[in-house]
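Nothing fancy with the numbering, it's 1 onward along the sequence.
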Amino acid sequence: MVIFVVILMSMVLTNNFVLTQFLGICPFLGVSKKLDAAAGMGAAVTFVMVLATAVTWPFQYKILVPNNMGYLQTLVFILVIASLVQLVEMILKKFVPPLYKSLGVFLPLITTNCAVLGVTILNIDEGYTYAQSLVASVGAGVGFLLAMILFAGLREKLAKCEGIPQAFQGVPIVLVTASILSLSFMGFGGVIEGLFK
């Protein structure tokens, strides 16, 4: 049970895909202007990450590895992820149209979000069991969601701030804020290691 907690906490905090591994930066910067859109994107990415892991892990160990076709891993995983994103897009369009419209072009971009592909490949490379892979995917998704919500909140505050020098207004202050947020998450590395030794 401890291993599941370690995997979950490390994926949320110390191995956060956005803030420490710098994967999934496009939606992180593009959809984080409003809190509701950021939360929706984070939830959609989490859902796709967990579903993609649930499908790709058995595919890897039941079909690709036994038939010596491991070289097709990336291609197969991308196809699975693309199919799942289409499913999520259809569900959101039918049941949550406002969220579908607010995510706009970034929803189909989940297909090419390297964080989703990264978590499926990381689970294989780390040698996680099926249950550990699912926990790692949930942790990666929660970490992505947390990063999106925190950054969206910071950007909403920045939009109301009047004391930003003109040279830093717009994209520069967004990038400076993202880097400071990233540094804060990198500080969790020592804390997690100390807790579970």
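- Residues in residues 138-174 take part in these ring-ring contact (aromatic ring centres under 6.0 Å, His included) pairs, two or more places apart or across chains: Phe28-Phe151.
- What you find for Ala52 and Ile81 is that their closest heavy atoms are CB-CG1, 3.9 Å.
- For the pair Ser83 (side chain) and Leu79 (backbone), a donor-acceptor distance under 3.5 Å is present.
- The minimum heavy-atom distance linking Leu19 with Ala147 is given by the pair CD1-CB, 3.8 Å.
- Judged purely by atom type and a 3.5 angstrom limit, Gln132 uses its side chain to pair as donor or acceptor with the backbone of Thr129.
- Interatomic distance, Phe59 CZ to Ile124 CD1, rounded to the nearest 0.5 Å: 12.0 Å.
- Note: Leu84 CG to Met49 CE = 12.5 Å, rounded to the nearest 0.5 Å.
- Sorted pairs that involve residues 67-95 and meet ring-ring contact (aromatic ring centres under 6.0 Å, His included), not counting sequence neighbours, are lacking altogether.
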- request: Could you walk me through whether Ser182 and Phe22 pass the side chain to side chain contact (heavy atoms under 4.5 Å, CB included) test, one step at a time?
  value: CA-CA 9 Å; Ser182 176; Phe22 310 110; 3.4 Å; yes

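- Atom CG of Leu154 is separated from atom CD1 of Ile149 by 12.0 Å, given to the nearest 0.5 angstrom.
- Taking CG from Leu75 and CD from Gln73, the interatomic distance works out to 11.0 Å, rounded to the nearest 0.5 Å.
- Criterion: ILVMFWY side-chain heavy atoms under 4.5 Å apart, direct or through other members. Under it, Leu35 and Val45 are not part of a common hydrophobic cluster.
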Stepwise side chain to side chain contact (heavy atoms under 4.5 Å, CB included) test for Val76 and Thr56: CA-CA 8 Å; Val76 169; Thr56 57; 6.0 Å; no

message: Would Leu146 and Val12 count as a side chain to side chain contact (heavy atoms under 4.5 Å, CB included) here? Give the steps.
response: CA-CA 8 Å; Leu146 178 66; Val12 172; 4.2 Å; yes

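- Connection of Leu23 to Ile7 is established within a shared hydrophobic cluster, with ILVMFWY side chains joined at heavy-atom distances below 4.5 Å, either directly or through further cluster members.
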Only pairs under 3.5 Å count here: list side-chain donor-acceptor contacts from residues 115-123, not counting sequence neighbours, and write none if there are none.
unit_1: Thr120; atom_1: OG1; unit_2: Leu117; atom_2: O; d: 2.7
unit_1: Asn123; atom_1: ND2; unit_2: Thr53; atom_2: OG1; d: 3.4
unit_1: Asn123; atom_1: ND2; unit_2: Val119; atom_2: O; d: 3.0
unit_1: Asn123; atom_1: ND2; unit_2: Ser133; atom_2: O; d: 3.4
unit_1: Asn123; atom_1: ND2; unit_2: Ser137; atom_2: OG; d: 3.3

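- Leu145 and Met41 are not part of a single hydrophobic cluster, where members link through side-chain heavy atoms under 4.5 Å apart.
- Checking side-chain atoms of Gln60 against main-chain N and O of Val65 turns up no donor-acceptor pair under 3.5 Å.
- Contact record, Ala38 with Ala152: CB-CB, 3.6 Å, taken as the closest heavy-atom pair.
- Rounded to the nearest 0.5 angstrom, Met9 CE and Asn15 CG are separated by 12.0 Å.
- Between Tyr100 and Lys94, every side-chain heavy-atom pair lies at or beyond the 4.5 Å cut-off.
- Side-chain atoms of Arg155 and Thr177, non-hydrogen and from C-beta on, never get closer than 4.5 Å to each other.
- Under the 4.5 Å side-chain heavy-atom criterion for Ile, Leu, Val, Met, Phe, Trp and Tyr, Tyr128 and Tyr130 are members of the same hydrophobic cluster.
- How far CZ of Phe185 is from CG of Leu13: 6.0 Å, rounded to the nearest 0.5 Å.
- Without hydrogens or angle criteria, Asn16 side chain to Val18 main chain gives a donor-acceptor distance under 3.5 Å.
- Val55 and Ile91 end up in the same hydrophobic cluster when Ile, Leu, Val, Met, Phe, Trp and Tyr side chains are linked at under 4.5 Å.
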